[in-house]
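Both ligands and their constituent atoms are indexed starting at 1 by order of listing.
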Amino acid sequence: MNVMEAIEARRSYRVFKQDPVARTLIENILTAGGQAPSSANMQPWEFVVVAGQKRDELSQMMLSSFIDQKKNYDILGKDNFFPQQLLDRRKKFFTDIFKKLSKHNESPMKYVMEGSLRFYNAPIIIFVFIDKRIAKRFLFDIGACVQNVVLAAQSEGLGTHLLGLVRKYQDAVKKTLHISENKEMVVGICLGYPDMENRVNDFTPGRADLDQFVEWFGI
Ligand SMILES: Cc1cc2nc3c(=O)[nH]c(=O)nc-3n(C[C@H](O)[C@H](O)[C@H](O)COP(=O)(O)O)c2cc1C
């Protein structure tokens with residue numbers, strides 16, 4: 001699979017098989033992540049790969065905390081400004097995915113929120129960290145690195161799903177895994193073999209046309 005094919009095939013998978021993923025494969029994928037460009041080659045990314053009992057423990061901890069607090073996260077934050085065009089795209093995304101999921105589940109919102117904290121049942125969760133004190137300055141570098149990981153995984157026949165929601169629980173994750181207070185969790189990456197027989201994995205939200213996000217001059 002070449003890069004364009006991996007870009008086209010990639011999506012956020014929501015159903016994973018329980019088949020284990022070989023450690024050498026994970027190493028290859030993370031090596032691809034490490035090939036990303038970064039400011040002055042400082043390579044500010046740090047990965048924590050979690051499987052098995054620890055993975056289950058963390059997922060359970062997040063889920064029970066979510067359920068206990070009956071949290072309905074306002075992911076956007078009340079006081080933040082968002083351009084209307086982006087809010088419209090978000091609305092369309094939720095309308096479309098809820099249509100898809102309501103055929104399979106009673107409560108799509110529950111499925112998405114709790115599914116995120118179940119790591120969509122992927123056998124591996126990879127937490128991506130950066131030193132808190134440089135986080136703002138180097139987020140672009142982390143994004144480039146994570147995209148390499150995601151595309152490398154796709155090209156190896158694996159699937160991923162990025163999770164921002166897990167950041168809410170990063171203090172507990174750091175405590176459990178003995179990670180320094182100075183680290184900031186940027187994102188979680190669910191990793192595993194996607195179950196392509198499950199129709200939930202067919203869901204591919206569309207994208208804006210080029211003319212909505214590109215301006216041309218002199219060409
Ligand atoms: C930084 C980031 C955080 C995300 N966090 C979550 C999350 O917490 N839960 C979730 O279900 N999906 C999450 N997603 C997945 C997006 O909803 C998904 O990428 C988007 O809808 C586009 O769909 P696609 O990846 O299938 O193309 C996240 C994606 C990104 C890039």
- Task: Answer yes or no: does an N/O atom from Y120 fall short of 3.5 Å to an N/O atom of ligand 1?
- Result: yes
- Task: Can you pull out the closest protein heavy atom to atom 9 (N) of ligand 1? Residue, atom name and distance to 0.1 Å, please.
- Result: S116 OG, 2.8 Å
- Task: Considering heavy atoms of the protein only, find what lies nearest to atom 1 (C) of ligand 1 and give residue, atom and distance to 0.1 Å.
- Result: V187 CG2, 4.2 Å
- Query: Judged by non-hydrogen atoms, does T204 sit under 4.0 Å from ligand 1?
  - Reply: no
- Item | Shortest protein contact, atom 18 (C) of ligand 1 (heavy atom only) | S12 OG, 3.6 Å
- Under the criterion side-chain hydrogen bond (donor to acceptor under 3.5 Å, both in side chains), which of K136, R133, R167, K174 is the partner of E184? R167
- Item | Nearest protein heavy atom with distance in Å, relative to atom 5 (N) of ligand 1 | G164 N, 2.7 Å
- Message: How far is atom 12 (N) of ligand 1 from the closest protein heavy atom, and which atom is that?
- Response: H161 NE2, 2.8 Å
- Heteroatom distance test (F203, ligand 1): nitrogen or oxygen, under 3.5 angstrom: no
- Could you check atom 23 (O) of ligand 1 against the protein and tell me its nearest heavy-atom contact, residue, atom and distance included? P205 CG, 3.3 Å
- Side chain, backbone, both or neither: R90 near ligand 1, heavy atoms under 4.0 Å: neither
- Query: Do any nitrogen or oxygen atoms of L162 lie less than 3.5 angstrom from nitrogen or oxygen atoms of ligand 1?
  - Reply: yes
- Task: Measure the distance from atom 21 (O) of ligand 1 to every protein heavy atom, then report the residue, atom name and distance (to 0.1 Å) of the closest one.
- Result: F93 CE1, 3.1 Å
